[in-house]
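Letters A, B, ... mirror the listed sequences (proteins, then strands); counts begin at 1.
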Amino acid sequence: MTAIIEELELDLEVFTGPFDLLLTLVLREEVDLLEVELADVVISYLDVLEARGELDLDVATEFLVLIAALLELKSRLMLPREEEELFEDFAPGEAAEELLARMLEARRYRHAADHLAERLAAEHGYRFRAAAPPAFLKKVVLPDAETARAVYDPAQLGKAVGGLLRLPEAIALEHLTIHRVTVAERLSHLRSLLKRGACTFTDAVKDADRVTVAVTLFSLLELYKQGEATWTQDGTFAEIHITPCSPREEVIRELAGVGA
Amino acid sequence: MSAELTRRLEALLFVAPEPVTGAELLEALECEPGELDLALAELRGAYAPGLRGIEVKEVAGGLTFATAPDAEDSVRRLLAKPRTPPLTPAQAETLSIVAYLQPVSRPEITRIRGVSADSASSTLLERGLIEEAGRSQFGAVLYRTTPLFLKLFGLASLQDLPEVTAWDPSPEETADLRDRLLKAGEARAGGPVGADPAG
Amino acid sequence: MSAELTRRLEALLFVAPEPVTGAELLEALECEPGELDLALAELRGAYAPGLRGIEVKEVAGGLTFATAPDAEDSVRRLLAKPRTPPLTPAQAETLSIVAYLQPVSRPEITRIRGVSADSASSTLLERGLIEEAGRSQFGAVLYRTTPLFLKLFGLASLQDLPEVTAWDPSPEETADLRDRLLKAGEARAGGPVGADPAG
């Protein structure tokens with residue numbers, strides 16, 4: 001383990017102390033992994049990195065491998081109880097072995113990566129030619145009918161044409177539940193809303209799905225056509241304000257007042 | 001040839017995709033015109049015609065390497081050997097439609113495939129597997145296969161094309177091949193299918 | 001160098017856009033393997049490192065010319081293009097996992113690294129060092145290295161990569177690591193560290 005991991009001091013709800021101790025206690029099942037907030041461990045680690053001015057996750061892979069493995073262990077523990085036998089197999093020693101295997105594997109490829117980076121650096125100065133082929137080759141020479149030999153299988157043509165003859169299967173829609181919304185339903189919904197006065201389109205389609213929204217808009221057009229409502233919208237995507245036009249009593253009174 | 005400047009000059013001429021002018025060489029090599037002249041003379045000497053497989057050539061106001069003329073045959077064998085690349089699925093479909101229905105128009109091919117056949121038929125035309133065969137009554141160019149097509153498929157004549165029935169998934173159908181292909185194509189494209197006008 | 005075959009070989013390596021395999025050379029030069037070997041030895045001698053501005057390299061399963069590394073500065077000034085940037089640690093790790101385990105999926109790479117490899121693998125894809133190689137049984141895209149990878153890393157083939165286990169720690173080191181995993185906190189566990197295992 002790297003120096004930083006050894007230095008990592010944690011102050012969590014269930015545990016206070018160095019990270020490697022936590023690791024040991026978890027692997028010995030003396031601390032319940034389910035109660036450890038791994039996100040807090042990550043934050044503590046980031047704090048250490050930041051304090052040291054080494055906030056570079058690219059070089060932090062060892063810690064990340066450990067944390068990822070702990071997360072995986074934890075998620076296994078969180079499986080429903082029916083899966084009991086799954087982690088009965090998982091003795092504390094095995095957990096440590098698995099962590100170790102993870103660390104060795106990551107370490108392997110990290111060193112291989114160093115090797116590749118060195119190789120690339122060593123090849124740094126070599127440049128390959130990237131010129132177009134000479135002009136006399138530009139024209140592609142295809143075989144002519146005289147010299148051509150059979151290279152294609154005629155069965156390929158039969159297969160292709162046979163495939164084209166195949167009628168695609170009709171798409172089965174039985175498994176889809178089609179949500180049916182009728183204009184009549186939405187009309188009566190709108191009318192009942194408008195009985196209470198003006199409303200907005202948002203009120204009319206509260207929590208509705210897209211089909212309902214579309215059908216409500218159709219119904220609104222219908223109301224407009226019938227002269228039952230008018231609507232205004234200040235701009236694209238702005239709220240739609242719907243006003244009833246039905247000659248309800250107060251409206252008539254108002255109109256009468258204006259007229260007088 | 002071992003002077004360091006000459007070696008770098010050689011590297012530049014090798015790697016440059018276009019002829020390099022004297023000014024560009026002076027800048028890249030960071031040397032004096034006199035030094036460049038000497039290096040160039042040395043390089044020309046090392047690559048004098050007949051000595052090597054590459055020659056120094058002066059073209060388009062610049063210097064470049066080119067293959068020696070007597071290597072041309074080998075170069076052609078290496079880079080320009082006649083190739084018959086495998087057919088893509090789109091090309092095979094287009095070619096089979098032309099082979100079985102010829103003469104056939106591009107719009108018909110598109111209808112049968114359910115997707116455009118423009119790129120595939122252009123390639124087939126370019127490779128000489130199909131050719132134009134007049135125009136349909138509606139003015140669309142018609143295609144047919146070429147003698148090269150027969151050669152490449154090892155067919156003595158169009159009669160030797162595999163029987164469609166061998167590949168036919170719906171032998172009960174009795175309609176003409178063209179009609180059946182069109183019907184299947186329209187079904188694929190989501191167009192009207194006689195069987196299910198509502199779908 | 002003046003043998004006609006060597007001259008033609010030189011022309012081929014010069015003009016081919018990619019490394020040329022022995023089989024391709026035999027076919028283009030119309031010669032016997034023994035003759036090719038002789039010509040190749042002669043060419044390698046003529047272009048031995050340090051002699052000229054160009055060197056013969058064996059990469060990606062074939063032979064090719066490349067500029068001598070000490071001409072790099074001049075080449076860079078001529079082409080005015082920065083070298084491909086070096087790999088970041090994340091890219092190098094991702095590339096090494098792909099190189100050794102190919103074909104390998106992104107989730108597998110992530111599992112080994114402990115951290116997402118998405119950005120690194122996108123960059124490697126963009127730079128043409130890795131490419132898609134079909135899909136795993138679970139539908140994840142698989143990756144493999146490209147011929148460009150071999151070329152840029154000066155590898156004749158993937159066999160030239162050292163055994164990945166070469167970097168494994170010795171059995172003693174492994175045992176030590178295992179001990180530390182299980183016992184690192186042991187000493188402190190007895191001490192007053194404020195640990196509360198019961199919590």
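- For the pair T146(C) (side chain) and L129(C) (backbone), a donor-acceptor distance under 3.5 Å is present.
- Look at E30(B) and R8(B) and you find no salt bridge, because none of the NZ, NE, NH1 or NH2 atoms lies under 4.0 Å from a carboxylate O.
- S170(C) and E172(C) form a side-chain donor-acceptor contact under 3.5 Å, judged by distance and modelled atom types alone.
- Heavy atoms closer than 4.5 Å to chain C are found in the backbone of E27(B), but not in its side chain.
- Separating the CD atom in E42(C) from the OG1 atom in T6(C) is a distance of 3.5 Å, to the nearest 0.5 Å.
- In terms of heavy-atom pairs under 4.5 Å with chain B, the best-connected choice from L29(C), L9(C), D73(C), D70(C) is D70(C).
- Among the candidates P17(C), A16(C), A71(C), the residue making the largest number of heavy-atom pairs closer than 4.5 Å to chain B is A71(C).
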